[in-house]
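This is the structure I want to talk about, given as structure tokens.
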Amino acid sequence: MVDLSVDIGRLRLANPVMPASGTFAHELAQVFDVDRLGALVIKTVTADKRIGNPTPRVAEVPGGMLNSIGIPCKGPEHFLAETVPLYSAFKAPFVASISANTPDEFARLCEMVSVPGISAIEVNISCPNIEDDGRAFAMRPEPTLAVMRKLRAASDLPLWAKLTPNAGEIQEVAQAAEAGGADALVVANTILAMSIDITSRKPSLGKVMGGLSGPAVKPIILRMAYQCARSVTIPVIGCGGIMSAEDAIEYMLAGCSAVQVGTATFIHPSAMLDVIAGIEAWCAQNGVARVSDIVGDLAEAGDEGARNWGADMGTEKPKSGQAGAINWEGVA
Amino acid sequence: MVDLSVDIGRLRLANPVMPASGTFAHELAQVFDVDRLGALVIKTVTADKRIGNPTPRVAEVPGGMLNSIGIPCKGPEHFLAETVPLYSAFKAPFVASISANTPDEFARLCEMVSVPGISAIEVNISCPNIEDDGRAFAMRPEPTLAVMRKLRAASDLPLWAKLTPNAGEIQEVAQAAEAGGADALVVANTILAMSIDITSRKPSLGKVMGGLSGPAVKPIILRMAYQCARSVTIPVIGCGGIMSAEDAIEYMLAGCSAVQVGTATFIHPSAMLDVIAGIEAWCAQNGVARVSDIVGDLAEAGDEGARNWGADMGTEKPKSGQAGAINWEGVA
Amino acid sequence: MQAMHAVPPQPDSLPVLEERAEILRHEAVNGEYRLMQVAAPDQARRARAGQFFHLLCPQDDVLKPFFRRPMSIYAIDAEGGRISFLYKVTGTGTKALAKLGIGERLDMLGPLGIGFSLPPDTATGHKTPIVILARGVGLATLAPLVGLARSAGHAVTAILSARSPALLMSLEETRAAGAEAIAVTDAQGNSDTGHVAALLDDLHAKGRMGALYTCGSNRLLKLAQAHAARHALFGEVAMEQQMACGLGMCFCCVRAFREGDATVHRRVCCEGPVFALEEALGW
Amino acid sequence: MQAMHAVPPQPDSLPVLEERAEILRHEAVNGEYRLMQVAAPDQARRARAGQFFHLLCPQDDVLKPFFRRPMSIYAIDAEGGRISFLYKVTGTGTKALAKLGIGERLDMLGPLGIGFSLPPDTATGHKTPIVILARGVGLATLAPLVGLARSAGHAVTAILSARSPALLMSLEETRAAGAEAIAVTDAQGNSDTGHVAALLDDLHAKGRMGALYTCGSNRLLKLAQAHAARHALFGEVAMEQQMACGLGMCFCCVRAFREGDATVHRRVCCEGPVFALEEALGW
Ligand SMILES: Cc1cc2nc3c(=O)[nH]c(=O)nc-3n(C[C@H](O)[C@H](O)[C@H](O)COP(=O)(O)OP(=O)(O)OC[C@H]3O[C@@H](n4cnc5c(N)ncnc54)[C@H](O)[C@@H]3O)c2cc1C
Ligand SMILES: Cc1cc2nc3c(=O)[nH]c(=O)nc-3n(C[C@H](O)[C@H](O)[C@H](O)COP(=O)(O)OP(=O)(O)OC[C@H]3O[C@@H](n4cnc5c(N)ncnc54)[C@H](O)[C@@H]3O)c2cc1C
Ligand SMILES: Cc1cc2nc3c(=O)[nH]c(=O)nc-3n(C[C@H](O)[C@H](O)[C@H](O)COP(=O)(O)O)c2cc1C
Ligand SMILES: Cc1cc2nc3c(=O)[nH]c(=O)nc-3n(C[C@H](O)[C@H](O)[C@H](O)COP(=O)(O)O)c2cc1C
Ligand code: FES
Ligand code: FES
């Protein structure tokens with residue numbers, strides 16, 4: 001029996017797998033029992049009512065998808081009256097995701113939605129701050145710190161800061177989010193991207209540019225999750241391109257306490273269950289009693305071990321690799 | 001007959017396709033006549049001698065590769081004595097790529113290599129500036145402007161500034177490069193990424209993190225190339241994930257005057273010839289007399305046209321799409 | 001979030017299954033369309049006319065096609081546990097689909113969405129006669145409505161439109177189900193709005209048009225809306241939009257609809273694909 | 001840039017071709033290795049023992065495997081226009097390779113790299129007798145050297161090492177080529193360094209070891225280096241390293257070598273895969 005539970009600050013999850021915001025809703029309960037998930041993170045809700053972006057809102061690219069859904073939203077009143085009762089009826093912890101146009105509006109919304117039934121609030125600071133030329137809050141450390149401080153003051157619930165991979169130096173943003181009072185980080189949102197239909201010569205998306213997600217982004221976001229995990233003391237939740245248990249384990253070895261699965265659900269609606277089952281099987285096979293033990297358990301880089309081709313003389317142990325023989329410098 | 005020539009500032013190329021730095025060398029002439037390429041861009045040369053990074057230096061990821069080759073280099077003297085004569089013997093324009101640890105070292109190297117036989121210098125400002133905490137020059141606009149000014153003063157050759165996609169706001173960096181005197185931009189270098197072998201629990205690369213290239217990055221770099229092309233008046237050369245003529249045409253429609261092909265050459269050594277032939281064929285089929293005519297020739301986004309499924313009543317023309325019927329606002 | 005309902009909105013939307021169904025038949029119907037029949041007993045039992053399945057077309061390199069592809073149910077054999085699709089080979093996804101051989105398996109998610117509903121009885125307590133106006137993909141989507149309506153006792157007239165007679169499908173099947181089928185084609189010059197409008201006027205005059213169903217053409221949609229409005233008829237339209245999740249979660253599949261004075265977005269995958277005729281805005 | 005040479009470094013490195021070669025034979029040799037023969041007349045004509053081909057193993061979803069895979073030439077039939085590979089099914093690439101059927105095509109880039117050279121004549125003007133020390137992949141890489149050396153008049157002794165007798169390959173072929181073959185295995189307990197060192201001493205004493213070639217084991221490399229140094233013998237080693245381009249352009253395939261007092265990097269793909277025995281540092 002593998003212990004799959006993980007702690008995200010003071011919130012204990014039965015397992016480390018949950019949906020990514022915007023890729024999950026109660027309709028998935030038509031396909032499987034969503035209470036088997038570690039948590040239920042729902043689509044971002046905004047302070048204002050929004051219609052979302054023009055269609056086409058999605059496009060396929062090699063190894064992934066683009067989306068420019070935007071955040072269609074019926075506003076916080078509808079959220080409190082309809083959404084909260086709906087999702088708090090599930091047994092798995094319900095995590096709201098919120099966003100707003102300015103730090104103050106964000107804080108007011110955060111206070112408004114800090115109601116019973118909600119286990120944590122994911123604050124989607126990857127969206128535009130109109131007080132900073134429409135740059136996303138999490139593009140830079142300073143506005144991140146500022147908005148997180150206001151959000152922290154507005155709620156006693158655990159706050160998960162969702163970072164944007166479009167930032168140049170995500171570690172610094174991560175540290176600012178921690179300093180501002182985040183209980184955990186979600187690394188990360190989608191990467192701004194585009195594609196063009198060369199036949200019509202049009203951008204594939206109605207809004208021209210949109211967010212890339214799916215397998216293509218995994219190596220990039222994994223790197224960012226690794227950098228963030230090494231830069232902060234709060235838990236990091238990895239999110240980007242996870243399609244399988246192996247992908248999730250990579251994120252956990254890189255230092256993530258839990259993972260979110262987005263795009264994979266669109267291809268296989270029960271992908272998250274496969275990830276949970278796969279993590280459990282891998283732990284069992286590898287003698288891991290508690291999945292939390294593998295968080296950050298990364299070995300040192302190097303050629304030895306798996307790569308020691310030809311060092312196969314019976315029982316003699318492979319010697320340490322060539323890295324010892326040479327002075328690796330001038331790293332560029 | 002399609003006119004494939006393009007102008008990169010005052011340098012005319014016979015066609016818009018050239019190799020990306022670090023993925024081409026004279027050895028490719030064993031496979032095909034490299035004088036058929038638009039230009040020959042070679043591996044970055046540094047001011048100091050370097051051994052490069054520890055092995056493993058490459059890894060495969062879904063839809064692409066990671067590399068942490070570093071810049072093994074025998075120094076500028078060797079470059080002038082051996083490399084320049086070797087490559088200037090080819091008919092295609094020879095483009096050197098250079099890099100250094102500080103702005104002054106960079107400028108000195110630039111002056112040193114501004115010799116006959118070299119048609120342009122690609123300045124790889126995507127590498128660490130030790131005077132800025134090891135951040136790449138092109139991570140921010142200010143150091144970009146500073147280093148480009150020094151480089152401009154050091155050489156009369158065309159200077160192509162190669163930007164890093166790890167920057168948070170690449171348009172601002174692009175504008176700084178133009179302001180600093182760049183004759184063209186190359187958008188972009190590799191995206192910092194990583195992967196982990198979950199069996200050995202080791203990073204796949206000896207240096208842990210490395211640059212992602214190949215099809216996976218195309219939507220991201222295409223977006224950056226599009227943003228840069230709209231932010232500057234100098235030509236932009238697109239570089240990232242081009243595997244086919246269609247990919248190259250996407251970049252040109254997005255505003256790129258030429259393209260560089262990197263990783264594709266590792267899979268199919270003659271990939272660049274296929275891209276050239278494919279561009280020519282596409283132009284011929286689409287009545288494009290000069291390939292330079294498609295640069296930036298992007299139609300407006302929207303549902304109409306290709307997407308107007310069901311508007312197939314004989315000869316009647318499809319009406320404008322639903323975008324007209326609804327007020328697309330609250331874009332998020 | 002829009003449209004929150006803890007219980008599925010219609011009894012039609014019973015729990016959804018992801019199955020790897022075996023292909024039983026797979027053949028070209030004409031130069032553009034292919035018919036595919038699969039064995040999927042649990043899904044066939046749940047399926048209703050107007051619903052669709054979200055098909056995972058075989059993916060090749062770089063996971064292309066990445067998304068599933070929505071495909072209407074062309075025929076349901078609940079007892080035999082079979083479902084058929086009639087699809088046009090269009091792009092990456094349907095081209096990959098077309099290569100699947102008999103005995104191979106296809107990953108299908110569904111049934112999804114809200115199907116057709118039948119019109120209320122007439123004022124005199126009779127079964128309302130219905131008219132179906134189909135073109136393009138509508139020939140597939142509306143096909144199972146014929147059987148549904150006939151077995152509920154409705155008289156059915158189907159106007160089937162296509163570019164050429166070779167592209168007309170379901171003509172025989174429609175007649176075999178006891179419906180009248182009228183074929184119009186561009187090639188014969190009788191498929192334009194004028195001709196079809198005259199047909200509808202005639203059917204209405206004869207008392208055979210008490211409700212209107214359409215799918216597959218924006219022009220026919222406008223025409224149907226005009227006629228339904230003029231005569232205050234019950235009507236439905238099945239809509240298309242690109243889909244990612246197919247389940248109502250991603251909001252990519254919205255289209256604009258009239259709701260009183262307002263224009264609202266509805267998700268084709270779960271609030272449709274069948275919508276009230278008068279509310280559709282076309283595209 | 002390192003090692004600039006406008007002309008190829010050896011006549012061996014003649015222009016390189018990318019061909020889609022037809023598979024003529026493809027079968028399991030034992031539980032680990034497979035033999036594959038392809039028709040590639042132009043490439044076979046250029047190929048030399050010790051060189052390799054860079055194979056594009058069939059790619060499945062997400063272009064996996066992404067890189068080509070380097071594979072030594074196991075046998076060359078220049079007249080018949082055929083090349084053979086002997087390979088171990090290891091990971092993604094070789095697993096995909098193993099699925100290719102006879103008549104299918106394999107995209108091969110090559111021949112690449114620098115092959116084996118034969119030792120200079122002895123002081124007395126005789127053909128120097130050579131000893132081959134092979135294990136693992138070395139059994140494949142060194143195989144064509146036997147024929148090359150035999151046809152140039154060299155006496156050849158091959159010490160073939162494996163975990164078990166079932167994994168020994170090329171024994172019969174080696175003998176058929178007129179070489180002496182000595183098999184040692186872990187299972188029989190005669191493959192450890194002590195036993196092999198005694199064999200080498202014995203061969204040297206008998207005047208049968210004038211040059212040494214090795215591949216496939218770091219232990220055997222060290223052993224060969226010690227013996228070659230002690231007796232001042234000519235020697236070569238074929239090395240492995242992960243490759244991307246295979247052509248010398250990317251610098252991913254470096255290994256460390258001794259060059260006088262310095263340690264330098266050389267690219268296995270184009271400065272090797274065959275290197276002077278005394279310069280290799282092992283790994
Ligand atoms: C509810 C519903 C039912 C449908 N039923 C049928 C049917 O019974 N028979 C049939 O032939 N076609 C039907 N279609 C259309 C069918 O889904 C498309 O032809 C198919 O998705 C095209 O995929 P492709 O990869 O071949 O084309 P591509 O053009 O390569 O597809 C690119 C993208 O656009 C989307 N797309 C392209 N055309 C359409 C379209 N008409 N509607 C929605 N998305 C589209 C694809 O799903 C994909 O995401 C239906 C569509 C919907 C929404
Ligand atoms: C010059 C040369 C000649 C070779 N000749 C033979 C031969 O004749 N027979 C044979 O069985 N094997 C040979 N090898 C080893 C062979 O290339 C690897 O077994 C193969 O690349 C493994 O690929 P994979 O996808 O199955 O394994 P994976 O482990 O999935 O490969 C992952 C990555 O590591 C690389 N890699 C893995 N093992 C090796 C290795 N031993 N050497 C170099 N790269 C490796 C792969 O190329 C790939 O880039 C040779 C290697 C080199 C460099
Ligand atoms: C269709 C779609 C809608 C999304 N909407 C939101 C959203 O509302 N809020 C948010 O924080 N992230 C949103 N995301 C981003 C995802 O939560 C996630 O960060 C991203 O998709 C990367 O994970 P993946 O590769 O597993 O999909 C959305 C992603 C997709 C694909
Ligand atoms: C193995 C390798 C080595 C590279 N070396 C350099 C380099 O020395 N200088 C440089 O500016 N870019 C270097 N690059 C980046 C490429 O020039 C190019 O920007 C990147 O690979 C994206 O293009 P692609 O997707 O077509 O490969 C290297 C890329 C690879 C894969
Ligand atoms: S396809 Fe996802 S909401 Fe309709
Ligand atoms: S594999 Fe590219 S240099 Fe050797």
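Naming: A, B, ... by sequence-line order, numbering from 1 per chain.
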Proximity breakdown for B:L66 and chain A, heavy-atom pairs closer than 4.5 Å: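 Only the side chain of B:L66 comes within 4.5 Å of chain A.
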Heavy-atom pair of closest approach, residues A:A301 and B:L205: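 Reported closest heavy-atom pair: CB-O, 3.4 Å.
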Spacing of CD belonging to B:E250 relative to OG belonging to A:S204, to within rounding of 0.5 Å: 6.5 Å
Intermediate values then yes/no, side chain to side chain contact (heavy atoms under 4.5 Å, CB included), B:Y226 and A:V208: CA-CA 10 Å; B:Y226 168 80; A:V208 184; 3.6 Å; yes
Proximal component of B:N101, with respect to chain A [non-hydrogen, under 4.5 Å]: neither
Which atoms of B:I170 approach chain A - backbone, side chain, both or neither, heavy atom under 4.5 Å: neither
Among A:A216, A:G210, A:P219, A:G168, residue most engaged with chain B (heavy-atom pairs, under 4.5 Å): A:P219
B:A136, part contacting chain A, at a heavy-atom distance under 4.5 Å: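 Contact with chain A is absent: no heavy atom of B:A136 under 4.5 Å.
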Audit row: B:L192, A:Q227, side chain to side chain contact (heavy atoms under 4.5 Å, CB included) steps and yes/no: CA-CA 11 Å; B:L192 194 64; A:Q227 290 178 315; 3.8 Å; yes
Side chain, backbone, both or neither of A:I294 within contact of chain B (heavy atoms, under 4.5 Å): side chain
Heavy-atom contact with chain B under 4.5 Å, split by part of A:L212: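 Interface part for A:L212: side chain.
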Salt bridge present between B:E169 and A:R140 (N-O < 4.0 angstrom): yes
Salt-bridge contact A:E172-B:R135 (side-chain N to carboxylate O under 4.0 Å): yes
Choice from B:M252, B:M139, B:M224 maximising heavy atom contacts with chain A below 4.5 Å: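 Most heavy-atom pairs under 4.5 Å with chain A: B:M139.
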Leading residue by heavy atom contact count with chain B [cutoff under 4.5 Å; candidates A:G214, A:A299, A:G241]: A:A299
Backbone of B:M194 reached by a side-chain donor or acceptor of A:R223 within 3.5 Å: no
Option that, when pairs with chain B are counted at under 4.5 Å, heavy atom only, ranks first among A:L253, A:N166, A:I198: A:I198
Top of A:G134, A:A193, A:A167 for chain B proximity - count of heavy-atom pairs under 4.5 angstrom: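 When all of A:G134, A:A193, A:A167 are compared, A:A193 has the most.
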Side chains of A:I220 and B:I220 in contact at under 4.5 Å (non-hydrogen atoms):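 SC-SC contact between A:I220 and B:I220 confirmed.
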Worked verdict on B:R201 versus A:D297 for side chain to side chain contact (heavy atoms under 4.5 Å, CB included): CA-CA 7 Å; B:R201 300 197 191 177; A:D297 189 22; 2.7 Å; yes
